[in-house]
Amino acid sequence: MSRPLRPSALAAATLLPLVLTACGSSAAGDSSSGKEDPSTLTMAIIPSEDANSTAQHYKPLVKLIEDETGKKVVLQKATNYAAVIEAQRAHKAQIAVYGPLSYVVAKKSGVGVEPIARQLLTKGGTPGYWSYGITRGGNKDISGLSDFKSHKVCFVDENSTSGYLYPRAGLKKAGLKDGSYSKVMAGGHDASALSVAHGDCDAGFADNTMVDQLLIQKGKLKKGDLKVVWKSPLIPSSPVGVSTDLSGTLRRQLTDVFTKKANADYLKSKGYCEGDGCFIYGYWGYVPVKDSDYQTVRDVCATTGDPQCKAGS
């Protein structure tokens with residue numbers, strides 16, 4: 001599936017860096033009331049790729065939220081997955097785009113977050129995605145996860161579902177223990193895939209959208225540069241969570257925006273974007289979500305026993 005980005009999607013949206021200990025002042029004011037209606041909404045994004053690309057992908061969505069709510073939306077790309085969790089815990093982000101694992105960790109650790117929607121890759125499709133185990137195209141030494149032994153392996157982040165948790169479960173199932181391979185944290189799905197393609201890692205992991213679509217559309221990879229040697233079970237797609245500090249009215253309004261209007265068809269029909277530029281980070285849009293959709297992630301955590309499933313950092 002090819003969705004080249006259109007020029008209209010390439011103008012940068014407002015995006016500021018989000019770090020774990022240096023977030024800006026809360027736009028929410030008194031965070032204890034549970035009835036906040038701030039004039040500015042900060043939306044934190046997990047670090048899937050570089051900041052400029054993140055801003056480009058989310059620009060139509062940011063404008064839609066601003067028009068529907070009458071509020072300014074500040075988009076912030078987190079420096080790591082834990083920063084998104086801590087931003088909502090500290091009342092610095094009213095909207096957060098989590099990975100499945102970071103959402104589970106946030107919820108378990110007491111962050112006041114309510115899931116309102118989750119990503120949908122194709123209209124009418126299944127709301128989920130896959131982790132890929134990858135190596136360079138033409139590498140005949142690696143044809144499965146068991147061949148990752150004694151090699152330098154790139155992961156995304158210890159709080160990444162498809163870039164660490166499911167890969168770790170896959171490696172354990174393949175008989176590889178900690179220390180059987182050299183572990184590298186690349187920081188983003190794009191960085192992990194490109195590190196493998198460039199030979200900085202012998203093998204690695206990234207989500208299917210990054211490998212199959214985004215890096216090829218942007219000309220950073222050509223088909224055949226990477227070889228997929230493993231595909232995870234279906235992972236429930238990434239949720240959007242809103243702070244429970246917000247008023248019920250605003251939470252319902254944001255839920256309606258994401259589940260009824262934040263999709264390529266609506267954005268295109270209203271002139272927010274053109275063609276493939278209306279796909280949000282490569283996804284068609286969002287659908288309703290419930291907390292129990294992430295039970296499979298909790299089950300994998302129970303299997304692997306990875307500490308980040310409990311600590312969230």
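Predicted, not measured: the structure shown is a model, and the values here were computed from it.
Side chains of Gln94 and Leu250 form no contact here, defined as non-hydrogen atoms less than 4.5 Å apart. Between Leu176 and Leu145 the shortest side-chain heavy-atom distance does not fall below 4.5 Å. Between Val229 and Asn139 there is no side-chain heavy-atom pair separated by less than 4.5 Å. Put simply, the side chain of Val297 does not reach to within 4.5 Å of the side chain of Cys309, judged on heavy atoms. Counting heavy atoms from C-beta outward, Tyr58 and Val97 have side chains that approach closer than 4.5 Å. Looking at Val111 and Ile85, their side chains come closer than 4.5 Å, going by heavy atoms from C-beta outward. Ile280 is listed as a side-chain neighbour of Tyr286, based on a closest heavy-atom distance under 4.5 Å.
Checking side-chain atoms of Ser102 against main-chain N and O of Tyr98 turns up no donor-acceptor pair under 3.5 Å. Judged purely by atom type and a 3.5 angstrom limit, Arg118 has no side-chain atom pairing as donor or acceptor with the backbone of Asp293.
Ionic pairing of Arg168 and Asp306 is present here: one or more N-O contacts between side-chain nitrogen and carboxylate oxygen are shorter than 4.0 angstrom. Taking a cutoff of 4.0 Å between a charged side-chain nitrogen and a carboxylate oxygen, Arg298 and Asp291 qualify as a salt bridge. Taking 4.0 Å as the cut-off between side-chain N and carboxylate O, Asp200 and Lys152 do not count as a salt-bridged pair. Ion pairing of Lys63 with Asp67 is present here, as a side-chain N (NZ or NE/NH1/NH2) and a carboxylate O approach within less than 4.0 Å.
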Legend entry - Pair Asp212-Tyr132, side-chain hydrogen bond (donor to acceptor under 3.5 Å, both in side chains): steps then yes or no: CA-CA 10 Å; Asp212 290 339; Tyr132 280 171; 2.7 Å; yes
Inset, instruction - Using the side-chain hydrogen bond (donor to acceptor under 3.5 Å, both in side chains) rule, take Tyr164 and Lys183 through it: C-alpha gap first, then chi angles, then the decisive distance, then the call. - result: CA-CA 10 Å; Tyr164 189 76; Lys183 187 164 49 178; 3.0 Å; yes
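Expressed to the nearest 0.5 Å, how far CG of Leu214 lies from NE2 of His57 amounts to 5.0 Å.
Open room surrounds NZ on Lys268; 12 or fewer heavy atoms of other groups in view lie less than 6.0 Å from it.
Cluster annotation: Tyr166 and Val184 are assigned to distinct hydrophobic clusters (Ile/Leu/Val/Met/Phe/Trp/Tyr, side-chain heavy-atom contacts under 4.5 Å, transitive).
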